[in-house]
Amino acid sequence: MSIADPKHDDTIAARTGVDGDIAFGAITPSPVMSTNFAFEAFNRKRPYDYTRSGNPTRDTLARAIAALERGDNAVITSSGMSALDLTFNLLRPADLIVAPHDCYGGTYRLLQARAEQERFRVHFADLTDPASHDAVFAQRPRMVLVETPSNPLLRITDIAALAQRARSQNTLLVADNTFLSPSLQKPLALGADIVVHSLTKYINGHGDVVGGAVVAKTAEWHERLAWWANVVGVTGAPFDSWLVLRGLRTLDLRIKAQSKSAATVARFLADHPLVKTVHYPGLPDHPGHQIAARQQTGFGAMLSFELADGCPVEAFLAALIQPGGPFSLAESLGGYESLIAHPATMTHASMDPEARRVAGISDRLLRVSIGLEAAQDLKSALKAAFSSVG
Ligand SMILES: *Cc1c(COP(=O)(O)O)cnc(C)c1O
């Protein structure tokens, strides 16, 4: 292994794009904002001509994310949703895609709407249940989408088991790795073909960019995805790419510290009499604990919990969300700040109540994204909110 080809995540995150400036020797890469690039001479194109098709800042970010995910290359897109839609572009009208029945709300809506347009066929299944895999693969899907841990119940799917089945019948396995980031899970190494990210979440981590990425295991898939991204014009903006690259430098430190606090908060909630259930893969009694311990290198910083019948949801949230307190009531996740959401009225409101019920998302469920505040302060705030309603 040459030093110029680092294989350790810390080095990839710290060094990608550094020292690359030929004109001034700038250490930190500057954002290249230009829309267009001059030709060297008649019919002699430089590496870049037009920013929709290619941009050096965006390419540096793509290289870093691809290296962290152990893929061939990545396409940086305008959002996580456009990254998913781009990936679904690989399907033809007769093709079937199988997706988790409790996938991200926006993904569910996108799949439904595209299937209605007859762009492809969609089937939703509980992929966390290995007993469902026979029926899933008997339908000969062209693509299977996996999201693990799932949102908002943090259910775990065995990626390697799905990958083995997928490979045996030429099905593309796509993993949405937004909830863990490449710091804690590497789906391509477990056998997936494509990884999708909402960069909006952990990878940027600073709550100031909406972006997405599609990482392909092979050059062939990358080429097709990059072709479509340019044709439909969903490539990410250079300045956003620069911000995400800046966020990515500290991804590993952030998500590990946040995961440690999440484990502390999960244990606190599990012991509280006003909490009915805690969904956190790091708890030994979580149904996916064993698989998570095997396929992840950490349990992550997302958790959800169901309030006990005696604990009113609205009053609890009103007591918890205090000015200057460590929780905000908001959607999104993966940033430096702790957020709490009520899936039934917020993130999963576009799902009909029956679909929510089937997916196990009760009206008493709260989802938490643990940030970088001191775990002690997070616990104290929760404790005070419980005492005020209990
Ligand atoms: C947020 C999110 C998306 C969508 O990403 P945007 O950047 O908001 O478009 C997709 N999948 C998961 C798991 C997400 O959390």
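Every number for a ligand or one of its atoms is a count from 1 in the order of the listing. Remember, it's a predicted structure, so these values are computed and weren't measured experimentally.
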### Task
Assess the pair Phe299 and His289: is the distance between their ring centroids shorter than 6.0 Å?
yes
### Query
Does a sphere of radius 6.0 Å around CD in Glu331 hold more than 12 heavy atoms from other residues, nucleotides or ligands, not counting ones at 6.0 Å or beyond?
yes
### Message
Tell me whether the rings of Trp242 and Phe239 are parallel (<30°), tilted (30 to 60°) or perpendicular (>60°).
### Response
parallel
### Task
Please report which non-hydrogen protein atom sits nearest to atom 4 (C) of ligand 1, along with the residue it belongs to and the distance in Å to one decimal place.
Tyr104 CE2, 3.4 Å
### Query
Hey, does Gly80 come in under 3.5 Å of ligand 1, counting only N/O atoms on both sides?
yes
### Summary
Restricting to heavy atoms, the pick from Thr347, Asn177, Asp176 nearest atom 11 (N) of ligand 1 would be Asp176
### Query
Charged N to carboxylate O below 4.0 Å: is that the case for Lys256 and Asp252?
yes
### Query
So is Gly334 in contact with ligand 1, going by heavy-atom distances below 4.0 Å?
no
### Task
For ligand 1, find out whether one of its N or O atoms is nearer than 3.5 Å to an N or O atom of Asn151.
no
### Task
Tell me whether the centres of the aromatic rings in Phe316 and Phe386 are closer together than 6.0 Å.
yes
### Query
Between Asp193 and Leu173, is there a donor-acceptor pair closer than 3.5 Å when you use the side chain of the first and the backbone of the second?
yes
### Ligand-residue contact atoms, ligand 1 with Lys201, heavy atoms, under 4.0 Å
1 (C), 2 (C), 3 (C), 14 (C), 15 (O)
#### Entry: Atom indices of ligand 1 within 4.0 angstrom of Gly211 heavy atoms, with elements
7 (O)
### Message
Could you tell me, atom by atom, which parts of ligand 1 come under 4.0 Å of a heavy atom of Met81?
### Response
4 (C), 5 (O), 6 (P), 9 (O)
